[in-house]
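Step one of this worksheet: look at the structure below.
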Amino acid sequence: MSDARVVVVGGGIAGLAAAAFLSGAAGGAPRARVTLLEASGRVGGKLWGGEVGGVRVDLGAESVLARRPEAVELARAVGLGDALEPPTTAKAAIWTRGALRPLPGGQVMGVPGDLAALEASGVLSPEGLERARHEEPTEVGEDVAIGRYVADRLGREVVDRLVEPLLGGVYAGRADEISLRAAVPQLLAIARGGGSLVEGVHELASRPQVAGTPVFNGLRGGLGTLPEAVAAACARAGVDLRTDAPVDGLRRTPGGWRVVTGGEALHADAVVLAVPAPAAARLLRADAPAAAAELDTVEYAGMALVTLAFRRSDLDELPGGSGFLVPPVDGRRIKASTFSSNKWGWLERSAPDAFLLRTSLGRHREEEALGLPDEELVARSLADLREAIGLTARPYDTFVSRFAAGLPQYPVGHPDRVARVRAAAERVGALALCGAAYDGVGIPACIGSAAAAAAAVDGLLTPATGEGSTERTMGA
């Protein structure tokens, strides 16, 4: 193994993955000696598991897109291949226009590709459906906001009642601001083709998939087991993994980087920053001011997840399907609900007498819910659930997860901003960045960005120059 040393700053799934790729914990030859520094008391970031009502559940992200391979491959590499399990049901609904209505098939991120299915769902009004049938030609340049483009092409109602709730589940953002190029690039290719958007989406949604490959996957015991397994594999590979270790200073040196944490100064031949954009900007302000200025412009959405545990014997009727989405235009308090015990077979098997579901609240610039007491978020969730599905039972246990700056926003021009950040980092040298702020907010995208960051610093590493791997300073 090379004597080169890499410090990875950030212990979310991107940082853990970068450490695994560099250390050999994810397979392959080790490329460097790795120290991972995580400011909080645990690794995993938004992948987080715990008990609610005596039942192990996810308290953060719960599934990964399986048709993008990075997350599934990492899970297998750290010994979780046998624990991969797709949802039991993917039958979702939209709570809109006063009723739960089936999510129409043949759509891509809410953009319809099957108008017959759209009509049958009842999601749109007759007027909205008629407008969607008459596409309006729309010019598309290098990038455009997905909501504005679809509204011009198919009508405002398609955006308000389909695109907004689907995008809200991914970005907690606003369709009229989110970049089509960054969020759904395959739709940008259709838009530039000049033909019918509906027909293009139909062709995209109808493409054959790899046989036996589910759209989404989870893990028995919850997705929170993934960072735990990656961290354990990293420890076995010799990674010095430290929690409660915030980075207080980061400066370029002639031989690499000086990383200060807890009064200790570490020398690194290269650094991987796997932290949110504001933290990366703070650390880079002295040596990469151009990158820091760009990172300062990244906005984040906050959200809260409310997990509710019920006794099945207290429920008059079990809700059906995997859950429902809520368009912001309908003015509800929650933006979605997942019927976890229906969606995950492993959860139903582990707790047959309990029924667990969760709701989400908050989106970009509408984050006042995060400041409310837990009991108020529970009350708001129960009020909407009563109206949506007739739920009158009281939960025997609850848990509220808060993510104050959980999801970076991808406005028009975001890919160009990322390119400028990376160009500025490259000029500084021996530095790579990864995580949700760059190439996608999904878990596979974060792991993919970690793989790219690991490969980038690996190409720059040279054997240690004798400067010394660690220097301890008092009060540094």
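Ser23 places none of its side-chain heavy atoms less than 4.5 Å from the side chain of Pro30. At a threshold of 4.5 Å between non-hydrogen side-chain atoms, the residues Val239 and Thr35 do not count as touching. Looking at heavy atoms from C-beta onward, Val6 lies out of side-chain contact with Val271 at the 4.5 angstrom threshold. Between Pro227 and Trp48 there is no side-chain heavy-atom pair separated by less than 4.5 Å. Looking only at side-chain heavy atoms (C-beta outward), Val52 and Thr398 stay at 4.5 Å or farther from each other. The side-chain heavy atoms of Arg358 and Ser340, taken from C-beta on, include a pair separated by under 4.5 Å. Side-chain atoms of Ser381 and Leu361, non-hydrogen and from C-beta on, do get closer than 4.5 Å to each other.
Side-chain N or O atoms of Arg252 include one that pairs as donor or acceptor with a backbone N or O of Gly256 at under 3.5 Å. Using a distance-only test at 3.5 Å, with no hydrogens or angles considered, no donor-acceptor pair links the side chain of Tyr171 to the main chain of Pro408. Under a 3.5 Å cut-off, the side chain of Arg402 and the backbone N or O of Gly371 do not form any donor-acceptor pair. Distance alone, capped at 3.5 Å, is enough to place a donor-acceptor pair between the Thr225 side chain and the Gly222 backbone. Remark: the backbone N or O of Thr359 is not paired with any side-chain donor or acceptor of Ser337 at under 3.5 angstrom. A distance-only check finds a donor-acceptor pair linking the side chain of Gln409 to the backbone of Leu407 [under 3.5 Å]. Arg220 places a side-chain N or O within 3.5 Å of a backbone atom of Asp82 that can act as its donor or acceptor partner. For Asp439 (side chain) and Ala445 (main-chain N/O), no donor-acceptor pair under 3.5 Å exists by modelled atom type. Checked by atom type and distance alone, the side chain of Asp143 pairs as donor or acceptor with a backbone atom of Gly413 at under 3.5 Å. For Ser449 (side chain) and Gly435 (main-chain N/O), a donor-acceptor pair under 3.5 Å exists by modelled atom type.
Side-chain contact check for Arg417 and Thr297: at least one donor-acceptor pair (N or O, by modelled atom type) lies under 3.5 Å.
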Residue pair Val64, Leu226: steps toward the side-chain contact (heavy atoms from CB on, under 4.5 Å) verdict: CA-CA 11 Å; Val64 300; Leu226 179 59; 5.5 Å; no
Test log, rule side-chain contact (heavy atoms from CB on, under 4.5 Å), inputs Phe399 and Val57: CA-CA 11 Å; Phe399 189 90; Val57 294; over 6 Å; no
Salt bridge (Lys or Arg N to Asp or Glu O under 4.0 Å) evaluation trace for Glu264 with Arg242: CA-CA 13 Å; Glu264 181 181 359; Arg242 309 183 192 183; 3.0 Å; yes
Derivation of the side-chain contact (heavy atoms from CB on, under 4.5 Å) call for Met109 and Val170: CA-CA 9 Å; Met109 200 57 76; Val170 178; 4.1 Å; yes
side-chain contact (heavy atoms from CB on, under 4.5 Å) between Thr338 and Leu357, intermediate numbers included: CA-CA 6 Å; Thr338 299; Leu357 62 79; over 6 Å; no
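Dense packing is recorded around CD of Gln186, with more than 12 heavy atoms of other residues, nucleotides or ligands lying under 6.0 Å away. By the neighbour-count criterion of 12 heavy atoms within 6.0 Å, atom CD of Glu426 is sparsely surrounded, having that number or fewer from other residues, nucleotides or ligands.
Looking at every heavy atom in both residues, Ala404 comes nearest to Leu370 through CA-CD2, 3.5 Å. In terms of heavy-atom proximity, Ala117 sits nearest to Pro104 at O-CB, 3.8 Å. Of all non-hydrogen atoms in Leu250 and Leu284, the two that sit nearest each other are CD2-CD2, 4.3 Å. Between Ser401 and Leu59, the shortest heavy-atom distance links the atoms OG-O, 2.8 Å. Of all heavy-atom pairs between Val298 and Ala277, the closest is CB-CB, 3.7 Å. Shortest non-hydrogen contact noted between Ala454 and Phe21 is CB-CB, 3.8 Å.
Partners of Ser322 under the side chain to side chain contact (heavy atoms under 4.5 Å, CB included) rule, at least two apart in sequence or in another chain, are Thr89, Ala92, Lys343. Ala351 is linked by a side chain to side chain contact (heavy atoms under 4.5 Å, CB included) to Val55, Ala354, counting only residues two or more places apart in sequence or in another chain. Residues passing the salt bridge (Lys or Arg N to Asp or Glu O under 4.0 Å) test with Arg148: none are found, sequence neighbours excluded.
Relative ring orientation between Phe324 and Phe339 is described as perpendicular, the plane-to-plane angle rising above 60° on a 0-90° scale split at 30° and 60°.
Using a 4.0 Å cut-off between charged side-chain N and carboxylate O, Glu164 and Arg363 make a salt bridge. The pair Arg174-Glu366 counts as a salt bridge, with a side-chain nitrogen and a carboxylate oxygen less than 4.0 angstrom apart. Asp240 has no carboxylate O lying under 4.0 Å from a charged side-chain N of Arg5, or vice versa, which leaves the two without a salt bridge. Between Arg68 and Glu70 there is a salt bridge, since a side-chain N of the basic residue sits under 4.0 Å from a carboxylate O of the acidic one.
Residues in residues 35-59 take part in these salt bridge (charged side-chain N to carboxylate O under 4.0 Å, His left out) pairs, two or more places apart or across chains: Arg56-Glu228. Legend: salt bridge (charged side-chain N to carboxylate O under 4.0 Å, His left out) pairs involving residues 72-81, not counting sequence neighbours: none detected. Within the structure, salt bridge (charged side-chain N to carboxylate O under 4.0 Å, His left out) contacts touching residues 275-284 (residues at least two apart or in different chains) do not occur.
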